[in-house]
Amino acid sequence: MAFIEEKLQTKVYGEYDVVVVGSGPAGCGAAITAAREGLKTLIIERFNCLGGMWTTGFMNPFFDSVTKLGLVKELREELDSRSQWGGFQNISFNYEYMKRILEEKAVEAGVEILYNTTFCNTICEDKTVKGVICQNIEGRFAVLAKTVFDCSGDGAVAADAGCPFEIGEDGDWKECQAMTLMFLVGNIPEKYREVGLKLKEKIVSIYEKAGKDLPFDNPYLIPVPNSHFGVIQFTHVYEQNPLSAKELTEANIELRRQIIEGFELLREYDEEFKDLDLITSASILGVRESRRIIGDYTITEDDIFGGRKFEDAVARVRFNADLHTKSNKGQHVYKVVPYQVPLRAMLPKGYNGIIVAGRCISGERRPMASYRVTGNCCQMAENAAKALAKATRENIDIRDVKFTFDLIQK
Ligand SMILES: Cc1cc2nc3c(=O)[nH]c(=O)nc-3n(C[C@H](O)[C@H](O)[C@H](O)COP(=O)(O)OP(=O)(O)OC[C@H]3O[C@@H](n4cnc5c(N)ncnc54)[C@H](O)[C@@H]3O)c2cc1C
């Protein structure tokens, strides 16, 4: 590869206690909590709303949310009070209301938000993260922080700092779970508007009749509560590198092809769906699996199948390990015994000034396929921010925090 040299003088936008990169369930959990705890907090997001897969990704339902306290409970109750909660599996929500409620909570807590701002590089000296370089309409700039929360989903901040990571099976990214582009459909037949529909039987027989190659055999129609529209979780691509811009682009193109094909076949071959409308595809590609940053502790299969508890627990996970693997074009589900996520799995090994939260924390593959769902990402980030606030108040390192407070519902 050829290189050019750039001469850069980068302006400093500001100094913060906490900078959060990425505003998915993890980023929102971290930023809202850090600000509520009195830490000066900035969140940056490359799109124009909070929520990540919750909102830009058109994801539903809100898994591992029903028994959780804290911010997850607040979101459930807030959505419910506005009649925007329920529907599919009784844990689904309206994307636009979720965006608004997250913004209300962030603004009320005092979080500074910068949308349309992309993280570019990590400022790191001697394995201590000191801030991030970002880019937006004002150009390139630095933000300095005592702690950076890497909530990018992909562990982008940690990786740029040099933190080691794992990917796929023994480093083979081809084993990463399938990517999916969610799409919204309208005019859902009345009988499915609340409960949704497992589309398996219909889609398998439609693709057989049409003589087309089926991308995934376990799709769902997931309606948004109290509406005529919803999302279809159907498209799948396999063996695309989640760390290659070129392959992510190719994945998007293939998935949009699958959307049009699937939608047209559904309308043509199924009388019930003849009036279905295609509204739009999500602006964010659904990447289930990419980097798993290596932390002080790595969550193992023994932990999740043995219901392990930890002294530094920040989340309690009930969701089974759910892998969308290429081998069967469907899902492999492995039943877990409810277990906990330790804070140490969020602290990159050997590095200071950085906490990773969300799907990119330290875990083996099957554990990741379980704690990756949104209730857990939000809860672990919320409680890690509480631990950080406690460390700040006591003027100690986050690794020395004594968990004398009850962070989670046991
Ligand atoms: C197709 C699909 C379906 C799923 N279905 C469900 C489901 O039904 N229920 C469920 O609970 N979970 C589901 N999941 C899992 C869940 O959505 C994710 O694991 C979860 O959202 C991860 O949360 P996160 O905060 O780590 O990352 P994300 O939700 O991915 O958020 C990351 C955020 O960081 C931002 N970002 C990334 N890079 C940069 C950058 N360089 N600069 C600025 N911002 C950046 C992104 O724009 C995004 O907003 C699904 C996942 C996929 C892919």
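All values below were derived from every heavy atom in this structure, side-chain atoms included, with hydrogens, water molecules and symmetry-related copies excluded. Atoms within a ligand are numbered from 1 in the order they appear, just like the ligands themselves.
Looking from atom 31 (O) of ligand 1 to the surrounding protein, the closest heavy atom is Gly24 CA, 3.4 Å. In terms of protein heavy-atom proximity, atom 22 (C) of ligand 1 is closest to Cys377 SG, 3.8 Å. Scanning the protein heavy atoms around atom 32 (C) of ligand 1, the nearest turns out to be Cys151 O, 3.5 Å. With respect to atom 36 (N) of ligand 1, the closest heavy atom belonging to the protein is Arg46 NE, 3.4 Å. Distance from atom 41 (N) of ligand 1 to its nearest protein heavy atom, with residue and atom name: Phe119 O, 3.4 Å. Here the heavy atom of the protein found nearest to atom 14 (N) of ligand 1 is Arg372 NH1, 3.8 Å. In terms of protein heavy-atom proximity, atom 13 (C) of ligand 1 is nearest to Met59 SD, 3.4 Å. Among protein heavy atoms, the minimum distance from atom 47 (O) of ligand 1 is reached at Glu45 OE2, 2.7 Å.
Here is the list of ligand 1 atoms found below 4.0 Å of a heavy atom in Asn60: 8 (O). Shown in contact with Val287 at under 4.0 Å from a heavy atom are these atoms of ligand 1, numbered in order with element: 53 (C). Ligand 1 places these atoms under 4.0 Å from at least one heavy atom of Phe47: 47 (O). Taking every heavy atom of Met53 and a limit of under 4.0 angstrom, the matching atoms of ligand 1 come to 2 (C), 17 (O), 21 (O), 29 (O), 30 (O), 52 (C), 53 (C). Each of the following atoms of ligand 1 lies closer than 4.0 Å to a heavy atom of Pro61: 7 (C), 8 (O), 9 (N), 10 (C), 11 (O). For ligand 1, the atoms lying closer than 4.0 Å to a non-hydrogen atom of Gly358 are 26 (O). Less than 4.0 angstrom separates some heavy atom of Ser23 from each of these atoms of ligand 1: 33 (C), 34 (O), 49 (O). Near Gly22, meaning under 4.0 Å from any of its heavy atoms, are these atoms of ligand 1: 33 (C), 34 (O), 35 (C).
Cation-pi check for Arg366 over Tyr334 is met; the charged atom lies under 6.0 angstrom from the ring centroid and within 45 degrees of its normal. The side-chain tip of Arg267 does not point at the ring of Phe273 from less than 6.0 angstrom away and within 45° of straight on.
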| task | Quick one: do Glu272 and Tyr192 satisfy side-chain hydrogen bond (donor to acceptor under 3.5 Å, both in side chains)? Show the steps, please. | result | CA-CA 10 Å; Glu272 279 191 327; Tyr192 303 129; 2.6 Å; yes

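Between Arg359 and ligand 1, at least one N/O pair is under 3.5 Å apart. Polar contact with ligand 1: absent for Thr118 (N/O pair, distance under 3.5 Å). The shortest N/O to N/O separation between Trp54 and ligand 1 does not fall below 3.5 Å. The shortest N or O to N or O distance between Ala26 and ligand 1 is under 3.5 Å. Residue Gly51 has no N or O atom closer than 3.5 Å to an N or O atom of ligand 1. Considering backbone and side-chain atoms alike, Gly286 places every N or O at 3.5 Å or more from each N or O of ligand 1. Ligand 1 has no nitrogen or oxygen under 3.5 angstrom from a nitrogen or oxygen of Thr180. Geometrically, ligand 1 and Phe62 share no nitrogen or oxygen pair separated by less than 3.5 Å.
Aromatic pair Phe88/Tyr220: ring centres closer than 6.0 Å. Here Tyr95 and Phe58 bring their ring centres to under 6.0 angstrom of each other.
Residue contact check for ligand 1: Ile222 places no non-hydrogen atom closer than 4.0 Å to it. Thr56 does not count as a contact of ligand 1, since none of its heavy atoms falls under 4.0 Å from the ligand.
Counting only N and O atoms by type, the side chains of Thr180 and Thr235 include no donor and acceptor under 3.5 Å apart. Using modelled atom types, one finds no donor on one side chain facing an acceptor on the other under 3.5 Å when comparing Asn136 with Asn116. If you check the side chains of Asn376 and Lys68, you find a donor sitting under 3.5 Å from an acceptor. Between Thr249 and Asn252, the side chains place no donor N or O within less than 3.5 Å of an acceptor N or O (distance only, hydrogens not considered). Between the side chains of Thr298 and Arg292, not a single donor N or O lies within less than 3.5 Å of an accepting N or O. Using modelled atom types, one finds a donor on one side chain and an acceptor on the other under 3.5 Å when comparing Gln331 with His324. Side chain to side chain, Asp275 and Asn187 fail the donor-acceptor criterion of an N or O pair below 3.5 Å.
Ring geometry, Tyr13 versus Tyr16: the interplanar angle falls under 30°, so the pair is classed parallel (tilted spans 30 to 60°). Ring planes of Trp54 and Phe93: perpendicular class, angle over 60° (limits at 30 and 60°).
Considering only heavy atoms from C-beta on, Met98 comes within 4.5 Å of Phe62 through its side chain.
A salt bridge does not link Glu108 to Lys105: none of the charged nitrogens lies less than 4.0 Å from a carboxylate oxygen.
By the criterion of a heavy-atom distance under 4.0 Å, neither the backbone nor the side chain of Asp64 is placed next to ligand 1.
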